[in-house]
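Atoms within a ligand are numbered from 1 in the order they appear, just like the ligands themselves. Numbers here simply count residues along the sequence, with the first being 1.
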Amino acid sequence: MMRTHYTSEITSEDAGKEVVLAGWLHEVRDLGGILFLLLRDREGIAQITIVTKKSDPELVNKARKIPRESVIVVRGSVKAEPKAPNGYEILPTHIDVLSKAESPLPLDPTGKVGADLDTRLDVRFMDTRSPRTFSIFAVRHHVMLATREFLTEKGFIEITTPKIVAAATEGGTALFPLSYFDREAFLNQSPQLFKQMMMAGGFDRVFEIGPIFRAEEHDTTRHLNEATSIDIEQSFVTHHDVMGLLEELVAYVYEKVSERCERNLRTLNIELDIPKTPFVKITYDEAIEIARDVEPSLEWGEDLTTAAEKRIGEEIGEHYFIVDWPTSIKPYYSMPYGDKPEICKSFDLMHPKMELASGAQRIHEYGLLKKRIEEQGLNPDSFDFYLQAFRYGMPPHAGWGMGVERLLMTMLDLKNIRECILFPRDRRRVAP
Ligand code: AMO
């Protein structure tokens with residue numbers, strides 16, 4: 001190990017101890033008689049104090065010449081200093097430059113010189129050095145960890161399914177084609193068909209956290225062309241059961257993030273309100289009634305527009321479900337009500353600002369599923385591999401998919417979904 005501590009692991013009580021810190025040169029303040037170097041690592045900042053007259057002139061000279069953002073290692077002793085970050089400073093005996101940064105810098109990680117999101121994304125490796133950006137990804141890690149814990153505890157098995165596929169999953173939304181040896185294949189839009197097949201496979205409860213690819217042309221602050229989805233599927237349950245699981249998961253994730261990411265949340269200036277369960281449920285009919293305040297011409301059977309979602313979100317003001325959707329606007333695998341087949345057992349989970357998840361009780365009967373595929377204008381032959389799983393014993397089942405980036409974006413009140421994924425893929429961006 002090249003270091004003994006992270007900057008956050010030292011306190012004034014370590015006064016007199018010799019330590020080695022490693023990180024980036026965040027800032028230099030040269031007051032002539034005294035030179036302050038701020039060393040930044042993932043966990044925070046430490047002040048390195050050099051009293052120029054009392055120090056080795058070689059060390060002083062060297063320290064003055066280090067360009068900002070160079071990688072340095074500092075060995076020295078700890079001294080209590082109430083005015084310094086974390087209440088201590090380091091009096092250095094050695095400073096080594098491990099990697100010198102060129103100047104000018106493409107971005108200022110101290111945040112003093114503001115930059116727009118595009119510039120930040122162009123040099124993401126530099127942007128993530130800023131405590132604010134790093135905190136978003138530390139929280140993201142805990143969102144995914146808490147999700148895995150919660151689902152594992154509930155008896156779910158994590159699976160990984162192919163991202164190169166032969167057919168569309170979600171029907172309507174566009175696919176990215178790719179050449180697969182001598183034929184065409186696509187990047188998968190959702191693990192939907194595979195997670196359902198594992199219900200016939202006897203797994204009973206599965207989840208996957210993985211990429212989904214959507215070739216939609218949207219250029220909005222809520223859409224990505226490659227997003228990350230938490231998907232679950234469960235046997236012998238109804239859509240109400242999996243809505244219960246979903247709201248419990250959301251509350252659990254908020255709870256764990258607020259317990260485990262205190263410092264990151266402080267950096268982001270966020271106080272988390274843990275959503276109260278059970279979430280409100282409104283029907284699609286009730287939703288369009290509210291939406292007509294802003295979209296008077298909205299007809300039954302149409303999807304909700306962004307303006308409509310916004311109006312309903314204002315009305316309800318907390319997480320809520322929209323249930324009982326028109327069968328015609330939900331995917332073919334959604335189970336229609338037996339006594340009212342024009343509506344289906346589908347639901348969306350909404351944050352007041354946007355949709356977070358959607359799911360349904362699924363059709364588990366082969367004949368009906370085949371008919372629904374045809375009714376949606378798709379060719380059942382391309383779904384043979386999937387339909388086969390419904391012919392030899394398929395339990396009733398339900399599930400949902402929730403976007404990780406949208407969950408994080410709404411949790412941290414971020415303005416653009418691109419803040420929530422390291423290297424966003426959108427209409428204009430395929431690099432870095
Ligand atoms: P759906 O298409 O609604 O449902 O997607 C589920 C959730 O995934 C996220 N999401 C996206 N996030 C960012 N950018 C996108 N382009 C994007 N597309 C989707 C959203 C959305 O709510 N198979 C079903 C799920 C199921 O029924 O189990 C599905 O994919 O948060």
Self-check item: Shortest protein heavy-atom distance from atom 3 (O) of ligand 1, along with the residue and atom involved
Solution: S358 OG, 2.5 Å
Practice problem: Measure the distances from the heavy atoms of M350 to every atom of ligand 1 and state whether one is below 4.0 angstrom. | Solution: no
Quiz prompt | Heavy-atom nearest neighbour in the protein, as seen from atom 21 (C) of ligand 1, with distance rounded to 0.1 Å | solution = E355 OE2, 3.3 Å
Self-check item: Salt bridge present between E43 and R263 (N-O < 4.0 angstrom)
Solution: yes
Quiz item: So which bit of I232 gets within less than 4.0 Å of ligand 1, heavy atoms only: side chain, backbone, both or neither?
Solution: neither
Quiz prompt | Residue selection (non-hydrogen contact nearest atom 31 (O) of ligand 1) among D348, L356, V404, V242 | solution = L356
Quiz item: Which bit of Q189 is near ligand 1, meaning a heavy atom under 4.0 Å away: side chain, backbone, both or neither?
Solution: neither
Self-check item: For atom 15 (C) of ligand 1, closest protein heavy-atom neighbour
Solution: L224 O, 3.5 Å
Quiz item: Is it the side chain, the backbone, both or neither of E233 that has a heavy atom closer than 4.0 Å to ligand 1?
Solution: neither
Quiz item: Of the listed options (A357, P424, A227, A398), which comes nearest to atom 11 (C) of ligand 1 when hydrogens are ignored and any heavy atom counts?
Solution: A227
Quiz item: Which bit of S190 gets closer than 4.0 Å to ligand 1, counting heavy atoms only: side chain, backbone, both or neither?
Solution: side chain
Practice problem: Considering heavy atoms of the protein only, find what lies nearest to atom 2 (O) of ligand 1 and give residue, atom and distance to 0.1 Å. | Solution: R214 NH1, 2.7 Å
Exercise. Please say which of H223, H218, E217 ends up in a side-chain hydrogen bond (donor to acceptor under 3.5 Å, both in side chains) with R427.
Key: E217
Quiz prompt | Nearest non-hydrogen protein atom, atom 29 (C) of ligand 1 | solution = E170 OE1, 3.6 Å
Quiz item: Which residue holds the protein heavy atom closest to atom 26 (C) of ligand 1, what is that atom called, and what is the gap in Å?
Solution: Q192 OE1, 3.2 Å
